[in-house]
Every structure is written in C-alpha cells, then in structure tokens.
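Reviewing the structure listed below.
Convention: sequence-line order gives letters A, B, ...; per-chain numbering from 1. Please read these numbers as outputs of a predicted model, since none were measured by experiment. For the numbers below, each heavy atom of this structure counts, side chains included, while hydrogens, waters and symmetry mates do not.
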Amino acid sequence: MLFIFAAAMTTLFMMDVEKLGRRGESYLLLLASTLGMNLMASASDLVMLYLAIETTSIPLYVLSGFMVDDEKSTESGFKYLLFGAMTSAVMLYGFSLLFGFTGTTNLYEIAAAIAGAQVSTVTALGVITLILVGLGFKVSLVPFHFWAPDTYEGAPTPVAGFLSTASKAAGFAVLVRLFFIAFAKNGLSPDWTTGLAVLATLTMTLGNLVAMTQTNIKRLLAYSSIAHAGYAMIGVVAFSDLGATSVIFYLIAYILTNLAAFGIVAVFSRVSGSDRIADYAGLSRRSPWLAMAMLVAFLSLAGMPPFGGFVAKVFVFAAAVKADMIWLAFVGVINSILGVYYYLTVLKVVYLYRMEGEAEESHPIPLTRPYGIALVVLSLGVLLIGTLFAPWFGASGAAALNLF
Amino acid sequence: MIPLSWYLILAAALFSVGLFGVLARKNAIAILLGIELMLNAVNINLVAFWRYGSLASIAGQVFAIIVFAVAAAEVAVGLGLVISIYRRRNTVVADELDLMKW
C-alpha cells in the first residue's frame with residue numbers, strides 16, 4: 001500500500017520533468033521497482049527475498065542514470081550500481097551461508113534451526129553482519145551510506161525522492177522481518193540490538209552533522225534522509241511490538257514528508273535550474289504556496305508538532321525508552337535538535353532572504369496541475385498524521401503484525 | 001569424495017579475490033568483474049551446500065540459477081551505464097568520476 005502510494009506520487013512528480021516524463025520506459029521501470037518492493041515486504045523465503053531486492057534495485061539503477069545526456073545523472077546511476085551490486089553480493093554470501101548452516105531457505109525454519117542451536121552464536125553473528133551490509137546499503141546506514149548523497153544529487157529529483165522513501169521503507173520492512181523472525185531466538189538478540197544501536201547512533205550523528213555544511217539542497221536532503229534512517233533504526237533496536245509499529249509509523253510519516261520535500265525541490269529546479277540553497281532566497285514571495293508546502297515538509301522533518309514527523313519521533317523514542325534504552329532515546333533527541341538547525345536555516349533562506357535587487361513578484365514559480373495535486377495531498381497527509389494519528393497508528397500496528 | 005570444507009574454502013577465497021578487486025581496482029569494468037567473482041563464489045557455496053545437504057530439496061540449485069540470472073541482468077545494466085558514461089566523459093576509470101563529492 002505504502003509503496004504503491006509513493007510510486008503514484010512519484011509519477012505525478014515525474015510527469016513534468018522533461019526527459020523523464022515524456023519517456024514511457026521510466027514509468028515501466030518505476031512499476032517494476034514498486035512490484036519488487038511489495039515482494040520485499042512480503043517475502044518469507046531467502047530466494048524470494050533476494051529476487052525481490054534485485055527487482056527493486058535494478059530498475060532504480062537505470063532510473064537514476066536515466067538522463068543519459070547529463071553527466072551527473074549517469075555518474076550517480078553508476079555509483080549507485082557499483083555500491084548496490086557489491087553490497088548485495090556480500091549480503092548474498094551471507095544468505096548462502098545461512099542456507100548452508102540451516103539447510104533451508106524458509107525464514108521460519110531458519111529461526112527454528114537457529115533456536116535449536118544448530119548454529120553457533122559466532123557463526124550466526126558473522127552471517128548477520130554480512131546480511132546487514134546489504135540491508136544497511138538499502139536503508140543507507142552509516143558506514144554504507146556513501147552512495148546516497150552522490151546518487152540523490154545526480155539522479156532526477158523525483159527518482160531521488162522515490163529512492164529516499166519507498167526504497168528505504170522496503171529495506172526497513174526486510175530488516176524488521178529478518179531480525180525479528182530469523183535472528184530473534186537463542187539469546188542472539190542482545191548481541192545484534194547492541195550492534196544496531198551503535199549503527200543507529202553513528203547514522204543519526206553523522207547524517208545530521210554533515211547535513212549542516214551542505215550548500216546543495218538535494219545533498220542536504222540526502223544527509224537528512226541518512227539521519228532519518230538512524231531514527232527509524234531506534235525502533236528496530238527496541239525489538240518489541242511497539243518498536244515494529246513505531247518503525248512503520250515513522251516510515252509512513254517519513255514517506256509523506258520526504259516525498260513532499262523532494263517534490264518541492266523538483267518544482268523549483270525545473271523553473272530555476274538550480275539546486276543551490278542560496279537560490280531559494282525570496283521563495284516565499286515568488287510562490288507563497290510552494291513556500292508553505294516547504295514549511296510543512298521541513299518542520300515535519302525537523303520533528304515539530306503538529307506535523308507527522310513529531311508524532312513519529314515520539315513513538316520511536318517511546319519504544320526505545322520502554323526497551324530500557326534510554327541513552328539511545330537521548331541520543332535521538334539531541335540529534336533532532338541538531339536537525340532543527342539546518343532545516344530552519346533553509347526555511348530562513350526561503351522566508352527571510354530577498355532576491356538581490358530584483359522584484360520577486362516578477363519571477364513567479366508556476367505550479368503545474370500534477371505537482372499541485374501531489375503537494376496538496378502530501379502536505380495534508382503530513383498534517384493529518386500529525387493530528388489524527390490514532391487510526392494511522394492502528395494501521396501500522398496491523399502492518400507490523402503482518403510482518404511476522 | 002572431496003569434503004565440503006574444500007568447496008567452502010574455495011568459495012571464500014574467490015569471494016575475497018572478488019571483494020579485493022572491487023575495492024582496489026580503478027577501472028569500472030574490473031570492478032564489475034570483481035562483483036561477478038563474488039557472485040560466483042556464492043554460487044559455489046550454494047551448490048556445494050545443496051550437494052552435501054538434503055538432496056531432496058532443490059532450493060540450493062534454484063537459488064543458484066536465480067543468482068546467475070540476476071547477475072546477468074545486473075551486469076547488463078552496469079555495462080549500459082558504463083557505455084553512457086564513456087560516451088559523455090571518455091573514461092571508465094572510477095577515480096575520474098568525481099563530479100560530486102561530499
């Protein structure tokens with residue numbers, strides 16, 4: 001459901017990007033990738049899981065390198081492919097060992113085999129590490145994040161938005177499923193939760209710190225999306241029903257928010273041809289509604305009430321506190337404060353700075369209908385999740401149950 | 001019969017060679033070749049585990065077949081991207097693809 005929604009929104013954004021929306025192949029690739037994501041979230045067999053992950057990734061490699069006339073786009077696609085292929089090979093090696101040691105490819109039977117102590121703890125942890133490389137790449141955890149800023153910057157903006165939301169959400173679905181089902185028994189969980197907690201801390205901190213120094217809005221969003229992977233990871237580390245629910249709720253809020261953010265960037269760069277943050281000066285006068293949407297998206301990313309990002313963060317931190325990981329929740333809170341700084345810096349440029357020596361009214365930013373519809377839906381969604389969150393939370397609880 | 005561990009050592013060695021190739025080589029084609037080596041190491045693992053494990057289930061073989069089908073698709077996309085980069089930039093050296101940093 002989530003992925004299909006994200007794909008639909010991406011399609012709306014793609015329609016008006018030259019060289020992307022006029023080429024039918026791009027929609028086909030998007031659909032293939034969405035199919036892969038749905039399979040990723042529902043696969044319970046290693047073979048199917050691997051096939052789904054590749055079905056998701058390969059069309060995305062093509063999409064990020066889609067604009068063959070553009071040096072940055074091809075470079076971004078290529079970097080994405082190299083990282084993706086390498087990490088998925090490492091993950092596959094982990095899968096093959098898992099198959100060898102347990103003699104089965106079914107996740108539930110693997111869980112039984114691990115619980116039956118057929119596999120020693122050290123071996124299991126080694127396999128987990130190998131698999132984590134591949135999944136860490138998909139959700140862009142530090143230290144597997146190097147592709148993300150380059151790929152997001154170079155890829156066509158709607159594709160970058162899709163990469164940072166739907167693809168990441170699918171990665172988290174697999175992560176939750178694998179770790180909560182297959183590696184849950186036999187006293188393994190304390191080991192990997194500690195490891196993942198460290199990774200989450202690193203991811204949040206590095207993502208936020210590096211984001212502060214960015215001058216390109218797409219790179220800023222890329223580092224912010226790395227940081228958000230860290231926040232969502234807190235829910236996985238909590239390793240409880242509440243944790244899984246909070247991860248899914250976080251992803252719902254994050255998909256809406258970040259799609260809106262990338263959509264705005266796409267609108268803006270289509271008119272001005274620039275992704276520099278400094279060029280956003282005077283946006284509030286050039287296009288008040290676009291600036292408004294940007295306010296909603298960025299404040300939600302920063303975790304301000306009454307937007308979705310706030311409630312999502314509260315649930316994730318609550319899950320951490322319930323799991324006796326107060327220090328992790330504390331790190332998360334500190335990091336959200338770091339995050340507020342750079343989100344507000346962008347908003348400062350949008351609202352307080354003026355264009356140098358020109359009347360902003362003479363440089364309007366026209367919103368085409370698909371963009372308008374998508375942005376309105378997303379902004380309202382962000383508000384709705386932030387205010388009437390109970391039904392959404394119930395839905396994510398149901399989705400979390402389906403993962404097991 | 002050759003013991004299982006020999007196959008596993010061979011696969012591990014092949015995997016390490018491939019990983020080294022990916023991390024150390026500068027030529028994009030060589031990196032893709034390294035990835036292929038890693039995937040083939042996985043295939044050796046899978047088939048060996050299947051042969052020495054339960055012959056009744058064909059999961060190992062099916063997995064191996066799927067892996068090389070996917071690997072072929074991946075390399076096709078990879079080479080396509082290499083060609084499109086080569087047309088624009090006249091290079092396939094990964095170090096020179098540095099338009100975007102930090």
Would B/Leu32 and A/Leu81 count as a side-chain contact (heavy atoms from CB on, under 4.5 Å) here? Give the steps.
CA-CA 10 Å; B/Leu32 284 177; A/Leu81 176 113; 3.9 Å; yes

Engaged part of B/Ala12 at the chain A interface, taking heavy atoms whose separation is under 4.5 Å:
both

Under 4.5 Å from a heavy atom of chain A, the part of B/Ala71 involved:
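Contact with chain A involves no heavy atom of B/Ala71 at all.
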
Based on non-hydrogen pairs under 4.5 Å, which of A/Val90, A/Thr55, A/Thr104, A/Asp45 is most in contact with chain B?
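Most heavy-atom pairs within the cutoff with chain B belong to A/Val90.
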
Pick out which of B/Leu8, B/Leu46, B/Ile44 makes a side chain to side chain contact (heavy atoms under 4.5 Å, CB included) with A/Ser96.
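That would be B/Leu46; it is the only one of B/Leu8, B/Leu46, B/Ile44 passing the side chain to side chain contact (heavy atoms under 4.5 Å, CB included) with A/Ser96.
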
Smallest separation among heavy atoms of A/Ala85 and B/Ile35, with atom names
CB-CD1, 3.5 Å

Can you name the nearest heavy-atom pair linking A/Phe78 to B/Val82, along with the distance?
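Answer, listing the atom of A/Phe78 first, then B/Val82: CE1-CG2, 3.3 Å.
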
How far does [atom1] of [X] sit from [atom2] of [Y], to the nearest 0.5 angstrom?
X	Y	atom1	atom2	value
A/Tyr93	B/Leu39	OH	CG	12.5 Å
B/Phe49	A/Leu98	CZ	CG	10.0 Å
A/Phe66	B/Ser84	CZ	OG	11.5 Å
B/Ile31	A/Met86	CD1	CE	10.0 Å
A/Ile58	B/Glu74	CD1	CD	5.0 Å

Would you mind checking if A/Glu75 and B/Arg89 are paired as a salt bridge, meaning a charged N to carboxylate O distance below 4.0 Å?
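A salt bridge links B/Arg89 with A/Glu75.
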
Tell me, yes or no, whether the heavy-atom count around [X] atom [atom1], taken from other residues, nucleotides or ligands under 6.0 Å, exceeds 12.
X	atom1	answer
B/Arg88	CZ	yes
B/Leu23	CG	yes
B/Ile58	CD1	no

Which one wins on heavy-atom pair count under 4.5 Å against chain A: B/Gly60, B/Ala69, B/Ala41?
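Of the options given, most contacts go to B/Gly60.
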
Largest heavy-atom contact set with chain A, pairs under 4.5 Å, which of B/Leu4, B/Val75, B/Val67, B/Val70
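Option with the top pair count is B/Val70.
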
Check whether A/Leu92 gets within reach of chain B through its side chain, its backbone, both or neither, counting any heavy atom under 4.5 Å.
both

Interface moiety of A/Ser88 toward chain B, non-hydrogen atoms closer than 4.5 Å
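Side chain only.
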
For A/Phe99 and B/Asn45: C-alpha separation, side-chain torsions, deciding distance, then whether side-chain contact (heavy atoms from CB on, under 4.5 Å) applies.
CA-CA 9 Å; A/Phe99 165 67; B/Asn45 249 355; over 6 Å; no

Taking the six-membered ring for Trp, are A/Tyr50 and B/Phe63 parallel (under 30°), tilted (30 to 60°) or perpendicular (over 60°)?
tilted

